[in-house]
Number of protein chains: 2
Amino acid sequence: MSMAEYKGKVRNIQDTPFGYTMSVIGGKWKMVIIYLLAENQPVRFNDLKRQIGAITYKILSSQLKELEADGLVVRKEYPQVPPKVEYSLTDKAETLLPLLEELCEWGVKNRGV
Amino acid sequence: MSMAEYKGKVRNIQDTPFGYTMSVIGGKWKMVIIYLLAENQPVRFNDLKRQIGAITYKILSSQLKELEADGLVVRKEYPQVPPKVEYSLTDKAETLLPLLEELCEWGVKNRGV
DNA sequence: CTGTATCCCGGACGATACTG
DNA sequence: CAGTATCGTCCGGGATACAG
């Protein structure tokens with residue numbers, strides 16, 4: 001299916017596959033998280049927080065939960081003290097990486113133009 | 001440049017080329033507008049409103065202004081009574097279309113998975 | 001016909017303190 | 001270490017009325 005099939009039917013972008021994609025990667029920090037995970041997975045919660053810097057625990061937590069709910073991130077909890085949790089990407093997330101690169105490249109070529 | 005060059009430097013996705021791309025196409029109706037323009041350009045204001053349906057004049061107007069400011073849409077005004085304005089896509093917007101298709105296709109393949 | 005003015009709401013995002 | 005609770009802010013988006 002392509003956008004062409006939505007001709008005359010699109011009422012709200014949120015209802016299209018495009019809208020789904022945007023909801024999945026549109027969060028303010030999601031791209032950063034996916035990218036950092038792609039580089040270092042699996043990553044622990046605090047490592048992620050440290051690597052990003054300007055994000056609060058609450059936001060990082062909520063974004064990770066959404067990514068997990070959308071099937072992009074796997075959360076693995078180790079039952080020990082102190083707690084240990086590791087995050088990694090799913091195959092679904094891996095298929096998104098080339099697309100994210102393209103979005104990035106388009107931005108490079110066109111921002112400030 | 002790729003996302004790889006942001007390793008260790010990314011603090012906020014909004015500051016990256018990716019963030020720029022998202023700001024340009026992330027509006028709730030922007031993709032729909034771009035898509036409709038691609039199919040029928042040039043399009044008049046009320047035609048666009050009619051084709052979309054569930055959007056108010058104000059929102060359509062504001063989204064078009066943002067798209068114009070981002071260099072994706074050209075607004076051509078005809079000095080006549082009653083007023084006539086036509087909108088069409090710039091070359092910059094045309095280069096975005098394949099990417100939008102890909103985002104759409106990823107959504108088709110992965111939503112509900 | 002093509003908009004703008006005004007007022008408003010909800011949801012994403014955030015700062016800070018606290019907890020098992 | 002890995003979060004949650006609480007409270008707050010900001011802004012995209014919207015309803016309705018009005019304007020050139």
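Every chain is numbered from 1 and lettered A, B, ... according to where its sequence line falls, protein lines coming before strand lines. Everything quoted here is computed from the prediction, not taken from an experiment.
A search for side-chain contact (heavy atoms from CB on, under 4.5 Å) contacts involving B/Glu68 returns B/Arg75, not counting sequence neighbours. Evaluation of the side-chain contact (heavy atoms from CB on, under 4.5 Å) rule for B/Ser61 yields B/Phe45 as partners, not counting sequence neighbours. Among residues two or more places apart in sequence or in another chain, the side-chain hydrogen bond (donor to acceptor under 3.5 Å, both in side chains) test is passed with A/Lys30 by A/Glu66. A/Asp47 meets the side-chain hydrogen bond (donor to acceptor under 3.5 Å, both in side chains) test with A/Arg50; sequence neighbours excluded. Applying the side-chain contact (heavy atoms from CB on, under 4.5 Å) test to B/Ser23 and every residue at least two apart in sequence or in another chain returns B/Tyr20. Applying the salt bridge (Lys or Arg N to Asp or Glu O under 4.0 Å) criterion to A/Glu86, with sequence neighbours excluded, gives A/Lys84. With sequence neighbours left out, the side-chain hydrogen bond (donor to acceptor under 3.5 Å, both in side chains) criterion links B/Gln80 to no other residue. Taking B/Thr95 as the reference, A/Trp106 meet the side-chain hydrogen bond (donor to acceptor under 3.5 Å, both in side chains) condition, with sequence neighbours excluded.
B/Lys49 and B/Ile55 make their closest contact through NZ-O, 2.9 Å (heavy atoms, listed as atom of the first residue, atom of the second, distance).
Residue-level contact check: A/Gln63 touches the backbone only, with heavy atoms under 4.0 Å from sugar-phosphate atoms and none from bases. B/Tyr78 comes within contact range of no nucleotide atom at all, as no heavy-atom separation falls under 4.0 Å.
Put simply, A/Arg44 has no side-chain N or O that comes within less than 4.0 Å of OP1 or OP2 on D/dG3.
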In B/S/- notation (B base, S sugar-phosphate only, - none; protein heavy atoms under 4.0 Å), nucleotides 14-20 of chain D written 5' to 3' is BB----B
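If you take NZ of A/Lys65 and C1' of D/dA2, they are 11 Å apart, rounded to a whole angstrom. Distance CG (B/Leu60) to C1' (D/dG12): 15 Å, rounded to an integer number of Å. Atom CZ of A/Arg50 and atom P of D/dC1 are 7 Å apart (whole Å). Straight-line distance from the CD1 atom of A/Ile52 to the C1' atom of D/dA2: 15 Å, rounded to whole Å.
The C1' atoms of five pairs define one axis at each end of the helix from C/dC1-D/dG20 to C/dG20-D/dC1, and these two axes lie 50° apart (to 10°).
How far CH2 of B/Trp29 is from CG of B/Leu64: 12.5 Å, rounded to the nearest 0.5 Å.
For the pair B/Lys76 and B/Tyr87, the NZ or CZ position fails the cation-pi test of under 6.0 Å to the six-membered ring centre and within 45 degrees of the ring normal.
Protein chain A contacts DNA chain C from C/dC13 to C/dG20, reading 5' to 3' and using non-hydrogen atoms of the protein with a distance under 4.0 Å.
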